[in-house]
> 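Following this message is one structure expressed as structure tokens.
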2 protein chains.
Amino acid sequence: MPFTRIEIATFSLIEGGLHVLLAKRSEAPHAGEWALPGGVLRVDLDRSLEDAAMRVMRERLGVAVPFLRQLGAEGGPTRDPRAPWTLSIVYRALLPGSSVSPSAGKRITTLAWRNVTDAIEDPLAFDHARLIERALRQTREDVERLDLPFEWLPGTFTLGELQATCEALLGARLDKSSFRRRLADRGCVEPVPGAMRGGAFRPAQLYRCRPAV
Amino acid sequence: MPFTRIEIATFSLIEGGLHVLLAKRSEAPHAGEWALPGGVLRVDLDRSLEDAAMRVMRERLGVAVPFLRQLGAEGGPTRDPRAPWTLSIVYRALLPGSSVSPSAGKRITTLAWRNVTDAIEDPLAFDHARLIERALRQTREDVERLDLPFEWLPGTFTLGELQATCEALLGARLDKSSFRRRLADRGCVEPVPGAMRGGAFRPAQLYRCRPAV
DNA sequence: TCAAAAGTGTTGCTTGTACACCCATGT
DNA sequence: ACATGGGTGTACAAGCAACACTTTTGA
């Protein structure tokens with residue numbers, strides 16, 4: 001049976017830039033290189049793959065995340081020199097950057113948010129560069145079909161904030177009017193009556209995510 | 001490490017109806033029930049998950065299929081009573097119905113094409129009903145975005161045949177003109193110069209699949 | 001009064017559907 | 001001639017992008 005692992009691609013928005021959470025490896029193989037945080041599937045602890053992903057998330061990053069999305073599985077004999085055959089189930093998480101307290105654990109020196117474009121340039125451990133690219137593509141497709149990253153926003157938010165968040169993820173500008181029309185048509189968001197956010201300028205209506213039908 | 005398997009959801013078009021290839025189990029657990037054909041991942045034989053899926057396909061169905069699509073992984077302790085924890089990687093294949101010679105093997109009495117709607121009604125072994133539904137949804141989404149089931153057609157085909165194939169898969173009628181316009185716009189198909197198919201009525205231009213850019 | 005962000009309306013393009021119509025062929 | 005399926009054209013609606021415009025606030 002294969003050496004079976006869970007790898008987690010966690011994205012966040014930090015100071016307007018899209019970041020991935022990576023761990024710097026302290027031991028061979030690939031010592032000194034960055035890798036996706038992950039862990040071994042524990043058949044004695046995990047009741048499902050999603051369970052396993054949440055446990056790894058908790059152990060490695062100290063955060064409990066209710067919704068993780070499975071992106072797929074990758075397997076082969078040469079992926080990880082520690083085992084003759086390694087299978088990885090890859091999950092994606094979206095987190096507000098503030099919520100992770102990088103704590104060093106075994107086999108890991110540093111846990112850090114790294115800018116996505118930078119991260120992909122560097123040599124990454126194992127085949128994790130490919131995994132990250134796949135996760136990123138998937139996530140952008142989600143946003144394009146208005147499966148929105150509400151995990152990155154507080155319970156209530158302005159449409160401007162939501163738009164800025166999507167733009168950062170896509171790496172492209174969106175048209176304000178079109179964006180709002182699409183939101184209205186699909187009804188993925190609803191105004192909170194009476195609630196306004198007053199900033200430096202004209203106050204904005206606050207919205208909340210409306211659960212899908 | 002988990003007991004790791006590959007399950008394969010194979011669809012085909014038989015006499016105008018959408019069918020799944022299922023195996024009737026001869027042994028416990030779930031003796032007498034239908035299940036997706038599958039097999040155990042062999043780390044000594046398989047160079048990748050896709051490799052494994054192709055091997056299982058060859059062994060169980062006697063067919064070599066170059067392109068299988070991974071649909072995802074499912075895992076848990078109660079999925080299969082034979083092992084304390086079972087992980088299944090699910091693949092999808094599309095085959096012309098004629099290409100499978102149902103040959104009985106160990107643990108299997110019958111391999112048969114079953115009408116999809118019927119198959120889902122029956123009690124299916126393990127959690128395979130859910131796996132089939134997921135595979136079907138995925139495949140229909142593919143066709144809707146014109147990722148077409150060319151595996152079900154000969155090298156050259158008429159647009160009428162292609163449309164009928166898609167309609168059977170979707171379980172819905174399509175508009176001829178719209179369908180052709182979409183095909184032309186995306187350029188997923190090209191006419192074979194001079195080649196025509198003469199049937200009982202007006203001969204039709206033959207087309208071939210054009211590889212994606 | 002001006003900058004900045006909120007919010008709305010107008011136009012036009014693109015995509016897809018519905019439907020009508022001609023074309024070629026065997027019976 | 002006509003039924004049958006192949007093949008094409010037009011009209012209409014939906015969805016979306018581009019862009020211009022008005023509104024409300026603090027400085």
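Every chain is numbered from 1, with letters handed out A, B, ... down the list of sequences.
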> Could you tell me whether the side chain of V90(B) reaches within less than 4.5 Å of the side chain of Q70(B), counting heavy atoms only?
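They are not in contact (no side-chain heavy atoms under 4.5 Å apart), so the answer is no.
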> Heavy-atom contacts under 4.0 Å between residues 172-187 of chain B and DNA chain D, which residues?
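Listed by number, they are K176(B), S177(B), R180(B).
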> Can you give me the N/O atom pairs linking the protein to nucleotides 23-27 of chain C at distances under 3.5 Å, or say none if there are none?
unit_1  : atom_1 : unit_2  : atom_2 : d
dC23(C) : O2     : R202(B) : NH1    : 2.7
dG26(C) : O4'    : A200(B) : O      : 2.7

> With a strict under 4.0 Å distance from non-hydrogen atoms of chain B, what nucleotide opens and what nucleotide closes the contacted stretch of DNA chain D, reading 5' to 3'?
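The contact span of chain B on DNA chain D goes from dT4(D) to dG9(D).
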> Heavy-atom distance under 4.5 Å between the side chains of F11(A) and L95(A), does that happen here?
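Sidechains of L95(A) and F11(A): no contact.
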> Can you tell whether the side chains of D175(B) and R182(B) come within less than 4.0 Å, N to carboxylate O?
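No, no charged N to carboxylate O under 4.0 Å.
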> Do R55(B) and E59(B) sit within salt-bridge range, that is, some charged N less than 4.0 Å from a carboxylate O?
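Looking at R55(B) and E59(B), the cut-off is met.
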> Is the number of heavy atoms from other residues, nucleotides or ligands within 6.0 Å of CZ (R186(B)) greater than 12?
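Enclosed: over 12 neighbouring heavy atoms sit under 6.0 Å from CZ of R186(B).
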> State whether a side-chain donor-acceptor pair under 3.5 Å links S88(A) with E7(A).
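Per modelled atom types, S88(A) and E7(A) side chains form a pair under 3.5 Å.
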> If you define the side chain from C-beta out and look only at heavy atoms, does anything of M57(B) sit under 4.5 Å from I8(B)?
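Of all side-chain heavy-atom pairs linking I8(B) with M57(B), at least one is under 4.5 Å.
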> For R69(B) and Q138(B), test the side chains for any donor-to-acceptor distance below 3.5 angstrom and give the result as yes or no.
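Judged by distance alone, the side chains do pair up.
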> Regarding R92(A) and T139(A), do their side chains bring together a donor and an acceptor under 3.5 Å, going by distance alone?
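Yes.
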> How about CZ on R47(B), more than 12 heavy atoms from neighbouring residues, nucleotides or ligands closer than 6.0 Å, or not?
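Counting neighbours around CZ of R47(B), 12 or fewer heavy atoms of other residues, nucleotides or ligands fall under 6.0 Å, so no.
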